[in-house]
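Counting convention: from 1, in listed order, for ligands and their atoms alike. If you're wondering where the values come from, they're calculated on a predicted model, not measured in any experiment.
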Amino acid sequence: MAAFPDVTTRIVEQKPGRLVLGQADGVACRTMEMFEAFGFSERVLKEAYWVNETSFWRPDDARRGSITRSGRIQDTEDGLSEFPHVILNQARVHDFYLDVMRGGPAPLEPDYSRRLLDLAIAPPGADGPVSHPVTVTLERTDLALQGQLETVRARYVVGCDGARSTVRGALGRALHGDSANQAWGVMDVLAVTDFPDIRLKATIHSAHDGAVLIIPREGGYLVRIYVELDKLADNERISSRNVTAERLIATARRVLHPYTLEVKEVAWWSVYEIGQRLCDKFDDTPEGAAGARDPCVFIAGDACHTHSPKAGQGMNVSIQDSFNLGWKLAGVLRGRCRPCILHTYSAERRAVAQELIDFDRKWAKMFSAPPKAPATPTARASIRRSSRATSSSRGVSPPARRPDTTPRSSRPSRSISTWPRASRSGCASIPRRSSAWRTPGRSSSATRSRRTDAGACSPSPTRWTPPPRAAA
Ligand SMILES: Cc1cc2nc3c(=O)[nH]c(=O)nc-3n(C[C@H](O)[C@H](O)[C@H](O)COP(=O)(O)OP(=O)(O)OC[C@H]3O[C@@H](n4cnc5c(N)ncnc54)[C@H](O)[C@@H]3O)c2cc1C
């Protein structure tokens, strides 16, 4: 919205400032394509860890209590995208967006320390719809002005306010699905280990101590370890379990046995609970009311759908939701699209969220199931499906000029450069790059593997030392 001086936008956030650490980190190829549209994909490519391969470990039948590698596969299918699947901290991704917002023709900065308390939608008046039908009440959360109320009147409001969304509550909507939450522990650590795949994305199942997921962090030193904890009882919160970072480290150590894990520093850790849940509609209009009135309040991201972090899609699907809604809102506000286009947001993105939750259920079941011998074929088939399913950009981009009737399997991956011009979509001001990256060789596994640092860090038998940084 910072691209449009004729649109007034306000972003409010209850936290006192920008995100600094933690949360999600997986950036799918399709999200990279969106970053390309915003002009910061090259910064992400330079800073991120490239997930070129995934390895699988299972209990060793020959040595009780030990694990053995059962497979190592290419992470992303050839031809899926011109971009790789990468890992970069969500805080950095936020920073890049903030830079774009600050540098736009209509510079935009979030208003921090403001909590949304309530939202009301005015019914149409005798003369038709009200021009600014949504009234939002905000409460200041900064010490100096704590408790002070502010009111904002808007034509449109988008609630990107997370899994416990107040906006969703104000619309009378709820997330439906699992009754109980799955608890997760996650930590970014500086580790010394002789586990050979510490610089690869790796899923590790032990015989009796559960499973962990390893995601190397950008920069070459830290590693993220996800530890699946217990399923919580209905209405139980993970905070009541008093899980500590030491417990997460102890679990990871048991799973990695006979390899050693010595944690030198915990840069960030968190426990959180999550269920596979979906909202029945992503806007304020009742089902079947498309002809009667157009939506003016929307929800996006975790406010609409929640799922496990195993498929690494929380941030991606949320960014893609907002991208879909963003260009439509800009089109309507600038008089280039009719408001009825806004109905398509919920229909398109809910279908994608449903697909993701179905996939996540299967993937989560497979991840948590006791490992079978040999694990490789199932794992391989599933990870291939995963790279396709979780890279879906359906319902994200503006409509194509002509429907593409080419069979999906023989189409090249969709690229931002194929999108229509602004006259139809309202996307004119999104910076487009004439991309030197866009060469056929770039999407090949050979090119991608140039950037992996997996091979460069085979550990000594007893100690793992940080690998040299891969050349850009
Ligand atoms: C602590 C934590 C750890 C996570 N770790 C992982 C992970 O390891 N891997 C992974 O894949 N995903 C993780 N996630 C999920 C992932 O970050 C989300 O899927 C993704 O950020 C979705 O983005 P979102 O904007 O929809 O919601 P969020 O990122 O939750 O952002 C919602 C924002 O709205 C603000 N907000 C909420 N209510 C109000 C209000 N009333 N008024 C004003 N502001 C409000 C919040 O402060 C927050 O900044 C984590 C989420 C959290 C919260």
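Every atom of ligand 1 with a heavy atom of K15 under 4.0 Å away is listed here by number and element: 47 (O), 48 (C), 49 (O). Of all the atoms in ligand 1, the ones that sit under 4.0 Å from a non-hydrogen atom of T166 are 41 (N). Less than 4.0 angstrom separates some heavy atom of G301 from each of these atoms of ligand 1: 26 (O). Those atoms of ligand 1 with a heavy atom of R224 less than 4.0 angstrom away are 7 (C), 8 (O).
Contacts between D161 and ligand 1 below 4.0 angstrom, taking non-hydrogen atoms only, involve backbone and side chain alike. For S318, every heavy-atom contact with ligand 1 shorter than 4.0 Å involves the side chain, none the backbone.
The shell of residues lying under 4.0 angstrom from ligand 1, judged by heavy atoms, includes R114. The closest approach between a heavy atom of Y226 and any atom of ligand 1 is below 4.0 Å. Using a 4.0 Å heavy-atom cutoff, R164 is absent from the residues neighbouring ligand 1.
Counting protein heavy atoms only, atom 6 (C) of ligand 1 is closest to Y272 OH, 3.2 Å. Shortest contact from atom 15 (C) of ligand 1 to any protein heavy atom: D302 OD2, 4.0 Å. Nearest non-hydrogen protein atom to atom 51 (C) of ligand 1 is Q23 NE2, 3.7 Å. Regarding atom 39 (C) of ligand 1, its nearest protein heavy-atom neighbour is Q14 OE1, 3.5 Å.
Looking at S113 and Q14, their side chains never bring a donor and an acceptor atom within 3.5 Å of each other. Residues S165 and D161 have side chains that bring a donor and an acceptor to within less than 3.5 angstrom of each other. In this model, no donor atom of one side chain and acceptor atom of the other lie less than 3.5 Å apart for W269 and D188. Using modelled atom types and a 3.5 Å distance limit, the side chains of R224 and Y226 yield a donor-acceptor pair. A donor-acceptor contact closer than 3.5 angstrom is absent between the side chains of Q146 and T141. Between the side chains of D283 and S346, no donor-acceptor pair of N or O atoms lies under 3.5 Å. For the 3.5 Å distance criterion, the side chains of K328 and T344 qualify, holding a donor opposite an acceptor.
Considering backbone and side-chain N/O atoms, W268 never comes within less than 3.5 Å of an N/O atom of ligand 1. Looking at ligand 1, you won't find any N or O of R115 less than 3.5 Å from one of its N or O atoms. Residue-to-ligand polar distances keep D25 apart from ligand 1: every N/O pair is separated by 3.5 Å or more. Backbone and side-chain nitrogen or oxygen atoms of Q313 are examined, and none is located within less than 3.5 angstrom of a nitrogen or oxygen of ligand 1. Looking at L116 next to ligand 1, an N or O pair under 3.5 Å apart turns up. Here's the thing with S270: none of its N/O atoms is less than 3.5 angstrom from an N/O atom of ligand 1.
Between R350 and C279, the closest heavy-atom pair is NE-O, 2.9 Å. For the residue pair L108 and T9, the shortest heavy atom distance occurs at CD1-O, 3.3 Å.
The aromatic rings of F323 and F38 lie perpendicular to each other, with more than 60° between the two planes, well past the 30° mark. Ring-plane geometry between W57 and Y259 is classed as perpendicular, the angle between the planes exceeding 60 degrees on a 0 to 90 degree scale with a lower cut at 30. Aromatic ring orientation, Y345 versus F298: perpendicular (interplanar angle above 60°, classes split at 30° and 60°).
Interatomic distance, L342 CG to L325 CG, rounded to the nearest 0.5 Å: 7.0 Å.
Within the set S165, S113, A24, C160, the minimum heavy-atom distance to atom 11 (O) of ligand 1 is found for A24. The residue among H94, Q90, R18, M315 with a heavy atom at the shortest distance from atom 21 (O) of ligand 1 is Q90. The option from G162, C304, G169, G314 that lies nearest to atom 28 (P) of ligand 1, judged by heavy atoms, is G162. Of the candidates H305, H307, E13, it is E13 that places a heavy atom closest to atom 48 (C) of ligand 1.
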As a quick check of understanding, evaluate salt bridge (charged side-chain N to carboxylate O under 4.0 Å, His left out) for R140 and E150, giving each step before the final call. CA-CA 8 Å; R140 295 293 292 255; E150 293 175 356; 3.0 Å; yes
